[in-house]
Amino acid sequence: MQEYLLRYGELTLKGRNRKLFVQNLIQVLKPRLSVLGGTYQALHKKLLVATDAPQDQVRRILETISGLTSISPIYRTNHDLTSIKALAWQLVSQFRGSGLKFAVKGKRPNKRFPMTSMDMQTVIANDIYQRGFDLPVDLKRPDLTLEFSIEMHDTFMNIVRWPGIGGLPINPRTRFGLLLSGGLDSPVAGYLMQKRGAHLMPIYFHTPPYTVDGAKDKVIDLARVLARYQNHMDLHVVNFTRIMKTLVADCPAECLVILSRRLMMRVATQIMKRHRGHALITGESLGQVASQTIENMAVINEGVPLPILRPVVGMDKVEIIQIARRIGTYEISIQPFEDCCSLFSPKEPVTKASSKRIQAIESNLDIETLVQDAVAGLETITLQPEFE
Ligand code: ATP
Ligand code: MG
């Protein structure tokens, strides 16, 4: 079995927080291990995983765990200098002639080990160069680093370190309603909050027949990508047609976007109430489109009892696209299905909505009934993380 070391960022974690953090991490790890046919062991400040699965599959699957700073295939031996040297040579000798810049770095969590980490670094480096190793040393910017760690009973060694997502492990008890449209921004917004430990419950407002089923399938595909980062995902699909029809019939065109967003917030709030959700997330980015001004955001926030998080609010489109490409939502988001908003949106939406005016318009609508009906007709699609 190959072993892997899973490192997590523990610098800011103390006492009870660390315990919860590790519990959440393990909860996300478990179903992934059953796909990999592996086992785990919690060591001091790190996790050790053992599995026979192919390394690229292990990497793809473990890389979906937020809270991990890095992952390494590791090799172990005892504390005996001869076997430590032999393992070091076994790991680095294959790189002879590659011209890479090289460094040896190590730690000694076991303080009873008689040599310091610095001494060990020198001993290991001297030994491999005596055996004919030929890579130039560069301690500051190495391309290849042999890392060792003198543990309580064993010595761990690795030459590979895959970067993890970082952030915090997903806590299944904190539920966040992600307003997920088929666009580029909201999936990225959702991912960024997952990275901070948020368990997502995406909510999609579907407006058939104005939005085709392809648009809904696209949102399901996006939710599937995000589902890979958590253990279980409920995607809620709201039929928004009646609400949109009412708004289009009874309200001034330039206010449609604001009014529809306020109704989305009301419906989403009700869904969160049912599921004891903590917050809502949107993909709004300040100034990206005429409707996303700070004045409009203020009017959208009005009366919403939950925090509305906008993790991409300060990002440029290029930054959002970079993340979308990295997490694999980009190719799905750019598929050409119009969402209801592009169909219903007027040429010139208000950029500075007046709260008074919007409230006056709403007072002529039976908001309560519209919201209740939308919530009553909710479709919930349950997704489990899928791994190849
Ligand atoms: P996105 O790229 O996420 O679609 P956008 O730039 O197209 O965002 P808008 O259409 O103004 O921006 O929507 C702003 C936010 O409102 C979206 O990011 C999303 O969170 C939410 N939203 C808009 N339409 C829908 C919808 N049909 N279902 C769910 N959420 C929606
Ligand atoms: Mg959109």
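Counting starts at 1 for both ligands and their atoms, in listed order.
- Listed by atom number, the atoms of ligand 1 under 4.0 Å from Thr282 heavy atoms are 20 (O).
- By the 4.5 Å heavy-atom criterion applied to side chains, Leu146 and Phe148 are not counted as neighbours.
- Checking only distances, Pro187 never comes within under 3.5 Å of ligand 1, N or O to N or O.
- Put simply, no part of His206 is less than 4.0 Å from ligand 1, judged by heavy atoms.
- Using 4.0 Å as the threshold, Ile203 has a heavy atom nearer than that to some atom of ligand 1.
- The aromatic rings of Phe133 and Phe102 lie perpendicular to each other, with more than 60° between the two planes, well past the 30° mark.
- Using a distance-only test at 3.5 Å, with no hydrogens or angles considered, a donor-acceptor pair links the side chain of His278 to the main chain of Arg175.
- Between Tyr8 and Phe21, the angle of the ring planes lies from 30° to 60°, which puts this pair in the tilted group.
- The ligand atoms of ligand 1 that sit less than 4.0 angstrom from a heavy atom of Gly283 are 17 (C), 18 (O), 20 (O).
- Distances from atom 10 (O) of ligand 1 to the heavy atoms of Arg261, Gln292, His236, Met265 put Arg261 nearest.
- Here is the list of ligand 1 atoms found below 4.0 Å of a heavy atom in Leu179: 19 (C), 20 (O), 21 (C), 29 (C), 30 (N).
- No side-chain heavy atom of Lys101 sits less than 4.5 Å from a side-chain heavy atom of Leu135.
- At least one N/O-N/O distance between Leu184 and ligand 1 falls below 3.5 Å.
- Contact check for Ile308 versus Met297: no side-chain heavy atoms found under the 4.5 Å cut-off.
- Within the 4.5 Å cutoff, side-chain heavy atoms of Glu362 are placed close to those of Arg262.
- The distance criterion of under 3.5 Å between nitrogen or oxygen atoms is met by Ser181 with respect to ligand 1.
- Using a 4.0 Å cut-off between heavy atoms, Val219 makes no contact with ligand 1 at all.
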For this session: Could you walk me through whether Glu151 and Lys46 pass the salt bridge (Lys or Arg N to Asp or Glu O under 4.0 Å) test, one step at a time?
Result: CA-CA 12 Å; Glu151 302 285 320; Lys46 55 199 167 228; 2.9 Å; yes

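- Here is the list of ligand 1 atoms found below 4.0 Å of a heavy atom in Gly183: 1 (P), 2 (O), 4 (O).
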